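Okay, so here's the structure we're looking at.
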Amino acid sequence: MPDNDSAVQLYGKQEENLRALENGLGVRILARGNELLISGEREATERTVALLERLLRLAGTGRELGARDVQYAVEVTRRGEGDSLDGLWQDVVCVTVRGRSIRAKTLGQQRYVEAMRHGALVFCIGPAGTGKTYLAMAMAIAAFKNREVNRIVLTRPAVEAGEKLGFLPGDLQEKVDPYLRPLYDALYDIMGVEAYERHMQRGAIEVAPLAYMRGRTLDDAFVILDEAQNTTPEQMKMFLTRLGFGSRAVVTGDVTQVDLPVERSSGLTHVRSVLADVPGIAFIHLNEDDVVRHPLVQAIIKAYERHDAGRVPAREAGR
């Protein structure tokens with residue numbers, strides 16, 4: 001029987017978490033104070049009891065139990081994978097400057113985190129909202145704090161259609177900053193502005209457009225290439241050959257949102273076939289089940305997939 005605080009967490013606002021369990025697992029749940037009465041078919045009730053016990057343990061740790069967490073737990077339990085939730089919820093990737101623990105929120109994200117922990121080069125491909133960049137940033141900061149690397153290098157194509165910076169006002173840094181803003185935002189959120197500025201001034205953190213990587217060798221660094229779907233194959237090769245001793249690299253992107261001119265191939269699409277059989281390289285594919293933004297984002301992604309089913313994009317048709 002949960003205590004009052006755990007019950008509030010477990011039940012959710014207006015018992016929305018209990019309703020999610022009912023709808024997802026096919027049972028009826030009646031809350032009487034801190035007691036729950038569960039009715040339904042035997043297998044369904046047993047799954048519900050097991051999940052409630054897991055959620056109760058999670059609530060007892062003081063971690064906020066959101067509606068998205070419960071809905072995802074229901075989906076995983078319905079697939080018969082409920083036992084995997086314990087490891088998912090216990091694993092802390094990094095702690096932000098405000099004391100908030102960053103964790104993988106889906107099994108796909110957990111596979112991504114494990115790949116980054118154990119591999120020198122990881123590609124993460126998936127739609128918007130799946131935490132590709134944010135988790136990579138958390139892993140980079142954790143490795144930096146643990147002195148596994150000496151610096152963090154963050155890069156992305158500065159301008160989606162060929163890095164033509166001359167059309168924007170200001171000096172070069174002012175031209176590229178808008179395209180690197182998502183990387184700055186993640187750094188500020190996890191590390192804090194003051195710590196970021198201090199490490200940046202001494203060269204321990206670098207945020208730069210992809211064009212700046214040419215001709216360099218990056219030793220003892222955690223390197224993240226974001227928005228990699230907007231690289232050309234030549235740019236991707238250039239980036240991958242920058243890695244030096246003691247370095248780790250994470251490449252993230254969404255192959256459904258390529259902004260290159262139609263006649264140009266995406267380096268992220270190309271590299272999957274080039275490096276598919278190379279040992280020591282991990283390719284992690286996330287999907288709409290791993291989206292951790294507003295529930296509408298999942299619905300939007302699925303709607304686009306249905307709309308595009310059977311259609312071959314022009315950039316793919318010519319390959």
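In this text the structure is predicted, and so the values were computed from the model without any measurement. Hydrogens, waters and symmetry mates are skipped; everything else that's a heavy atom, side chains included, is used.
- Ring-plane geometry between Y196 and Y184 is classed as perpendicular, the angle between the planes exceeding 60 degrees on a 0 to 90 degree scale with a lower cut at 30.
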Begin with the C-alpha distance, continue with both residues' side-chain angles, and end with the deciding distance and a verdict on salt bridge (Lys or Arg N to Asp or Glu O under 4.0 Å) for R78 and E75.
CA-CA 5 Å; R78 192 165 52 198; E75 294 169 4; 5.2 Å; no
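- Residue V251 comes nearest to A228 through the heavy atom pair CG1-CB, 3.3 Å, listed as atom of the first residue, atom of the second, then distance.
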Could you walk me through whether R57 and D86 satisfy the salt bridge (Lys or Arg N to Asp or Glu O under 4.0 Å) test, starting with their C-alpha distance in whole Å, then the side-chain angles of each, then the deciding distance to 0.1 Å, before giving a yes or no?
CA-CA 9 Å; R57 287 195 296 271; D86 292 329; 3.4 Å; yes
Hey, mind stepping through I38 and L21 against side-chain contact (heavy atoms from CB on, under 4.5 Å) and telling me if it holds?
CA-CA 11 Å; I38 305 170; L21 267 68; over 6 Å; no
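- Atom CZ of R103 is separated from atom CG of D91 by 8.5 Å, given to the nearest 0.5 angstrom.
- The local environment of CZ in R54 is crowded, with over 12 non-hydrogen atoms from other residues, nucleotides or ligands closer than 6.0 Å.
- Side chains of V250 and M139 form no contact here, defined as non-hydrogen atoms less than 4.5 Å apart.
- Summarising the local packing, CD of E41 is surrounded by 12 or fewer heavy atoms from other residues, nucleotides or ligands at distances under 6.0 Å.
- Note that the OG1 atom of T269 and the CE atom of M236 stand 9.0 Å from one another [nearest 0.5 Å].
- Both V193 and M191 are assigned to one and the same hydrophobic cluster, defined by single-linkage of ILVMFWY side chains at heavy-atom distances under 4.5 Å.
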Check step by step if side-chain contact (heavy atoms from CB on, under 4.5 Å) holds for H199 and I141.
CA-CA 11 Å; H199 291 307; I141 292 173; over 6 Å; no
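- In N146, the CG atom is crowded: over 12 heavy atoms of neighbouring residues, nucleotides or ligands sit closer than 6.0 Å.
- Put simply, Y212 and V223 are part of the same group of oily side chains (I, L, V, M, F, W, Y) that touch within less than 4.5 Å, one to the next.
- Using modelled atom types and a 3.5 Å distance limit, the side chains of T130 and D290 yield no donor-acceptor pair.
- Only one option out of L240, T231, L268 pairs with L225 in a side chain to side chain contact (heavy atoms under 4.5 Å, CB included); it is T231.
- Side chain of N287 to backbone of D289: a donor-acceptor contact under 3.5 angstrom is found.
- Contact detail for H270 and S273: the closest heavy-atom pair is O-OG, 2.9 Å.
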Stepwise, does the side-chain contact (heavy atoms from CB on, under 4.5 Å) test hold for T77 with V74?
CA-CA 5 Å; T77 300; V74 169; 5.7 Å; no
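- Annotation for R28: atom CZ does not count as buried by contact number, only 12 or fewer foreign heavy atoms lying within 6.0 Å.
- E35 contributes no side-chain N or O that, together with a main-chain N or O of R32, makes up a donor-acceptor pair within less than 3.5 Å.
- No side-chain heavy atom of I284 sits less than 4.5 Å from a side-chain heavy atom of M116.
- Taking a cutoff of 4.0 Å between a charged side-chain nitrogen and a carboxylate oxygen, R98 and D189 qualify as a salt bridge.
- If you take CG on N230 and CG on L260, they are separated by 5.0 Å, rounding to the nearest 0.5 Å.
- In the hydrophobic clustering of this structure, F239 groups with V278; members are Ile, Leu, Val, Met, Phe, Trp, Tyr whose side-chain heavy atoms approach within less than 4.5 Å, directly or through other members.
- The residue from V49, L51, L56 that alone fulfils the side chain to side chain contact (heavy atoms under 4.5 Å, CB included) condition with E53 is V49.
- The CG atom of N150 sits 12.5 Å away from the CG atom of L218 when rounded to the nearest 0.5 Å.
- Taking a cutoff of 4.0 Å between a charged side-chain nitrogen and a carboxylate oxygen, E114 and R117 qualify as a salt bridge.
- Closest non-hydrogen pair, V76 versus S84, comes out as CG1-OG, 4.0 Å.
- When all heavy atoms of K132 and G253 are compared, the closest pair comes out as CE-O, 3.6 Å.
- The heavy-atom pair separating S101 from V92 by the smallest distance is CB-CG1, 4.0 Å.
- In terms of the salt bridge (Lys or Arg N to Asp or Glu O under 4.0 Å) criterion, residue partners of R47 (sequence neighbours excluded) are, by chain and number, E43.
- Under a cut-off of 6.0 angstrom, the local environment of CZ in R202 is crowded, with over 12 non-hydrogen atoms contributed by other residues, nucleotides or ligands.
- Put simply, the side chain of S247 gets close to the backbone of A221: a donor and an acceptor are under 3.5 Å apart.
- Listed by chain and residue number, nothing satisfies the salt bridge (Lys or Arg N to Asp or Glu O under 4.0 Å) test with D220 (two or more places apart in sequence, or in another chain).
- In this structure, L107 is a member of the same hydrophobic cluster as L55, with clusters built from ILVMFWY side-chain heavy atoms closer than 4.5 Å.
- For the atom pair CZ (F222) and CD1 (I205), the distance works out to 12.5 Å, reported to the nearest 0.5 Å.
- In summary, E194 and R198 do not engage in a salt bridge, as defined by a charged side-chain N under 4.0 Å from a carboxylate O.
- Heavy-atom minimum distance, V93 versus A138: CG1-CB, 3.9 Å.
- Although no hydrogens or angles enter the test, the distance criterion places no donor-acceptor pair under 3.5 Å between the side chain of R214 and the main chain of M238.
- To the nearest 0.5 Å, atoms CD1 (I190) and CZ (R100) are separated by 7.5 Å.
- Hydrophobic clustering of Ile, Leu, Val, Met, Phe, Trp and Tyr side chains at less than 4.5 Å, counting indirect connections, unites L210 with V255.
- No side-chain heavy atom of L58 sits under 4.5 Å from any side-chain heavy atom of L85.
- In this structure the side chain of F283 reaches within 4.5 angstrom of the side chain of R272, judged on heavy atoms.
- Surrounding NZ of K237 are at most 12 heavy atoms belonging to other residues, nucleotides or ligands under 6.0 Å away.
- Judged by distance alone, the side chain of T252 and the main-chain N or O of C124 form no donor-acceptor pair under 3.5 Å.
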Please test L187 against M200 for side-chain contact (heavy atoms from CB on, under 4.5 Å), starting from the C-alpha separation and ending with a verdict.
CA-CA 11 Å; L187 274 172; M200 185 190 67; over 6 Å; no
